[in-house]
**Student:** 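Handing you this structure, nothing more for now.
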Amino acid sequence: MRYTRYFLPVLKETPAEAQIVSHRLMLRAGMVRQATSGIYSWLPLGLKVLRRIEQIVHEEQQAMGAVPLLMPTIQSADLWRESGRYDDYGQEMLRIKDRHDRDMLYGPTNEELITDIFRASASSYRDVPRILYHIQWKFRDEMRPRFGVMRGREFLMKDGYSFDIDKAGAIHAYNKHMVAYIRTFERMGLKAVPMKADTGPIGGDHSHEFLILADTGESEVFLDRAVVDLSLGDRRIDWDDRAAVQALVDQWTGPYARTDETHDPAAFEAAVPEGRRESRRGIEIGHIFYFGTKYSEPMGATVSGPDGKPATLHMGSYGIGVSRLVGALIEANHDEQGVIWPESVTPFHAGIVNLKQGDPEADAACETLYETLTAAGLEPFYDDRDERAGAKFATMDLIGLPWRVTVGPRGLKNGVVELTSRRTGESEELSPEAAAAKLRAIYGR
RNA sequence: CGGGGCGUGGCGCAGUCUGGUAGCGCGCCGGUUUUGGGUACCGGAGGCCGCGAGUUCGAAUCUCGCCGCCCCGACCA
């Protein structure tokens with residue numbers, strides 16, 4: 001993409017409404033624009049990041065065996081009356097009426113809808129286990145939206161639902177999600193820690209929130225540093241091997257890690273050596289939950305078991321805050337100059353800065369580099385504006401592409417361009433061909 | 001929902017107390033200059049001062065009502 005053909009409304013000054021760094025930078029970098037309180041338009045640059053996060057989530061969900069579908073944003077109130085949640089949900093649910101005066105709502109979540117879909121078609125124990133998920137916009141009418149996309153009213157969420165014949169099966173589905181989530185967040189360069197969450201009236205110990213550690217996080221968290229050092233890496237996982245998946249879950253849930261909601265100071269001190277105790281702040285980016293027959297029971301979601309008798313399905317639901325992740329990623333990856341994207345989610349793979357637009361040699365070198373990278377399957381962002389070097393650098397730093405290739409007459413005289421890492425600031429001079437080759441190697445293209 | 005604050009060119013703000021017909025910086029347009037980290041100068045364009053009533057000869061400014069947005073708190077992916 002060329003700057004002069006793109007839509008990138010960057011701001012030099014910080015809009016007054018933005019408090020936290022991710023919100024400021026998303027506005028300044030032209031990623032989002034507030035439509036009204038807690039509701040945002042995603043501008044081209046922000047949308048690219050959102051899509052890349054979605055893509056990783058899709059890949060890891062499907063690798064684990066979940067099946068994608070797409071449910072609507074608007075739902076009928078009828079199903080919610082069936083589960084009993086229409087009255088329970090409160091003011092956070094946006095209730096609307098259609099022209100026939102029927103009660104509708106903008107879905108804050110989809111348990112009822114998915115249960116309705118599944119019960120209509122699943123009749124035998126052979127139809128389970130299944131995991132269905134979608135990535136769809138949700139709406140929760142928060143009393144007080146804040147922190148930009150991190151706490152908006154409208155938000156994009158991956159929500160998945162598992163259906164099993166019994167609790168043991170459902171726990172396996174739960175465990176698969178935990179491991180898949182760890183891998184998903186690792187791919188985004190995030191250190192996400194599963195923390196025991198409050199299960200409310202359902203009880204049991206099968207609810208975990210995933211939090212990333214960031215100084216600006218909303219929740220206070222207490223953890224054993226040992227959990228931070230764990231890494232799934234790229235090891236192969238046999239998703240059908242219950243014991244193997246359970247072992248991974250045990251490994252990650254062994255060390256103490258709790259939010260202030262479930263924190264038990266006495267247990268913390270007893271379980272964790274003083275040198276490893278950490279008190280940090282965290283941002284919740286995912287939540288997994290086994291809830292048994294909470295919806296299947298009232299909604300009559302049953303299948304025939306091997307013995308011919310009806311069995312009520314055991315379910316779980318699993319969420320990832322996709323739009324929130326964009327903000328969370330920035331909270332975890334930025335400096336004074338702007339955003340620093342991890343390579344896995346960057347909107348463009350590399351920026352090309354032409355220091356002297358209009359100089360035949362510089363222009364030609366940039367064009368060639370642009371073509372080479374594009375041909376290799378990379379997406380370069382070429383700043384071809386007739387601007388001064390300083391302005392171009394400042395913009396590149398702000399939007400945070402992990403790599404920048406600086407091309408100018410001075411370097412070209414010696415046959416070199418400069419390849420700079422946004423994260424470390426280190427740069428090296430090398431031929432345009434070598435720079436392209438290095439970028440291809442970095443991205444494995 | 002309780003408490004506080006703010007709505008003035010695209011953005012950040014001053015002007016409001018002490019009514020007299022709108023200003024600064026950035027950005028934008030044109031020109032000169034400059035050119036490896038937001039160059040300097042000159043000349044421009046752009047605002048029914050959130051909306052509606054009222055007071056007044058006259059309202060961005062005073063009064064009343066409404067709308068919107070932000071911050072703190074309680075609540076939440």
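Every chain is numbered from 1, with letters handed out A, B, ... down the list of sequences. What you are looking at is a predicted structure, and each value in this text was computed from that prediction instead of being measured.
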**Student:** Rounding to an integer number of angstrom, what distance separates B:U8 and B:A60 when you compare their C1' atoms?
**Tutor:**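 Comparing C1' positions in B:U8 and B:A60 gives a spacing of 7 Å.
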
**Student:** Tell me: CG of A:Leu355 to P of B:G38, nearest whole Å?
**Tutor:**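 So the two atoms are 13 Å apart, to the nearest Å.
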
**Student:** Considering only NZ, NE, NH1 and NH2 on the basic side and carboxylate oxygens on the acidic side, decide whether A:Glu186 and A:Arg183 come within less than 4.0 Å.
**Tutor:**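 So A:Glu186 does not pair with A:Arg183 through a salt bridge.
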
**Student:** What's the spacing between A:Ser162 OG and A:His177 NE2 if we round to 0.5 Å?
**Tutor:** 6.5 Å

**Student:** Taking CZ from A:Arg28 and P from B:G10, how many angstroms apart are they, rounded to a whole number?
**Tutor:** 20 Å

**Student:** Please report the distance, rounded to the nearest Å, between CG in A:Asp386 and P in B:U39.
**Tutor:**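 So the two atoms are 12 Å apart, to the nearest Å.
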
**Student:** When you check the side-chain N and O atoms of A:Ser207 and A:His287, is any donor under 3.5 Å from an acceptor?
**Tutor:** yes

**Student:** Taking all heavy atoms of A:Leu79 and all of A:Glu112, pick out the closest pair and write down the distance.
**Tutor:**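 That closest heavy-atom pairing would be O-CG, 3.6 Å.
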
**Student:** Under a 3.5 Å limit for both distances, which nucleotide forms a Watson-Crick or G-U wobble pair with B:G2, could you say?
**Tutor:**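 Because both required distances fall under 3.5 Å, B:G2 counts as paired with B:C72.
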
**Student:** Calculate the interatomic distance between A:Asp397 atom CG and B:G36 atom C1'; express it in whole Å.
**Tutor:** 14 Å

**Student:** For B:A22 and B:C13, measure between their P atoms and round to the nearest Å.
**Tutor:** 24 Å

**Student:** Could you run through nucleotides 67-77 of chain B and give me one letter per nucleotide, 5' to 3': B if any protein heavy atom sits under 4.0 Å from the base, S if only the sugar-phosphate is that close, - if neither?
**Tutor:** --SSBBBBBBB

**Student:** Can you name the closest pair of heavy atoms from A:Glu111 and A:Ser317 and give their distance?
**Tutor:**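 The pair with the smallest heavy-atom distance is OE2-OG, 3.2 Å.
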
**Student:** Considering only atom P, compute the distance from B:G50 to B:G68 and round it to an integer number of Å.
**Tutor:**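 The answer is 16 Å between these two P atoms.
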
**Student:** For B:C67 and B:G30, measure between their P atoms and round to the nearest Å.
**Tutor:**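 Rounded to whole Å, the distance is 44 Å.
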
**Student:** With a 4.0 Å limit, can you tell me whether A:Lys12 has a side-chain N or O closer than that to the phosphate oxygens OP1/OP2 of B:G27?
**Tutor:**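 For A:Lys12, the contact criterion (side-chain N or O under 4.0 Å from OP1 or OP2 of B:G27) is met.
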
**Student:** Classify the nucleic acid contact of A:Gly408 as base, sugar-phosphate or nothing, counting any heavy atom under 4.0 Å across all strands shown.
**Tutor:** base

**Student:** Taking the C1' atom of each, how far is B:A53 from B:C1, in whole Å?
**Tutor:**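 Straight-line distance between the two C1' atoms is 30 Å.
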
**Student:** Say you pick atom P in B:G43 and the same atom in B:C26; how far apart are they, in whole Å?
**Tutor:**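 B:G43 and B:C26 have their P atoms separated by 14 Å.
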
**Student:** If we count only N and O atoms by modelled type, under 3.5 Å, do the side chains of A:Gln246 and A:Asn175 hold a donor and an acceptor together?
**Tutor:**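 Yes, side-chain donor-acceptor contact under 3.5 Å.
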
**Student:** Let's test this: given Watson-Crick or G-U wobble pairing with both distances under 3.5 Å, identify the partner of B:A14.
**Tutor:** none

**Student:** Please give the nucleotide sitting opposite B:G47 as a Watson-Crick or G-U wobble pair, both distances under 3.5 Å, or none.
**Tutor:**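 Partner of B:G47: none found under 3.5 Å.
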
**Student:** B:A59 and B:C64: how far apart are their C1' atoms, nearest whole angstrom?
**Tutor:** 15 Å

**Student:** For A:Arg404, report the nucleic acid contact type (base, sugar-phosphate, nothing); a contact means any heavy atom under 4.0 Å.
**Tutor:** base

**Student:** Would the base of B:G25 count as contacting A:Glu13 through its side chain, where contact means a donor and an acceptor less than 3.5 Å apart?
**Tutor:**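 Answer yes: a donor N or O sits under 3.5 Å from an acceptor.
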
**Student:** Round to a whole Å and report the spacing from CG of A:Asp335 to C1' of B:G37.
**Tutor:** 14 Å

**Student:** Can you measure A:Arg385 atom CZ to B:G27 atom C1' for me and round it to whole angstrom units?
**Tutor:** 12 Å

**Student:** Decide, yes or no, whether a salt bridge links A:Arg81 with A:Asp78 under the criterion of side-chain N to carboxylate O below 4.0 Å.
**Tutor:**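 A:Asp78 and A:Arg81: salt-bridged.
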
**Student:** Between C1' on B:G36 and CD on A:Glu387, what's the gap in Å once rounded to a whole number?
**Tutor:**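 That distance rounds to 15 Å.
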
**Student:** Write down the atom of A:Ala328, the atom of A:Ile285, and the distance for their closest heavy-atom approach.
**Tutor:** CB-CG2, 3.9 Å

**Student:** Side chain of A:Arg388, heavy atoms from C-beta onward: which of B:G12, B:U34, B:G38 has the nearest atom to it?
**Tutor:**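 For A:Arg388, the side-chain atoms sit closest to B:U34.
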
**Student:** When the C1' atoms of B:C57 and B:G46 are considered, how many whole Å apart are they?
**Tutor:** 31 Å

**Student:** Classify the nucleic acid contact of A:Thr406 as base, sugar-phosphate or nothing, counting any heavy atom under 4.0 Å across all strands shown.
**Tutor:** base

**Student:** Checking base pairs now: Watson-Crick or wobble, both atom distances under 3.5 Å. What partners B:C62?
**Tutor:**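 Its partner is B:G54.
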
**Student:** Could you tell me the separation between the CG atom of A:Leu27 and the P atom of B:G10, rounded to a whole number of Å?
**Tutor:** 17 Å

**Student:** Could you tell me whether the side chains of A:Glu331 and A:Ser22 share a donor-acceptor contact shorter than 3.5 Å?
**Tutor:** yes

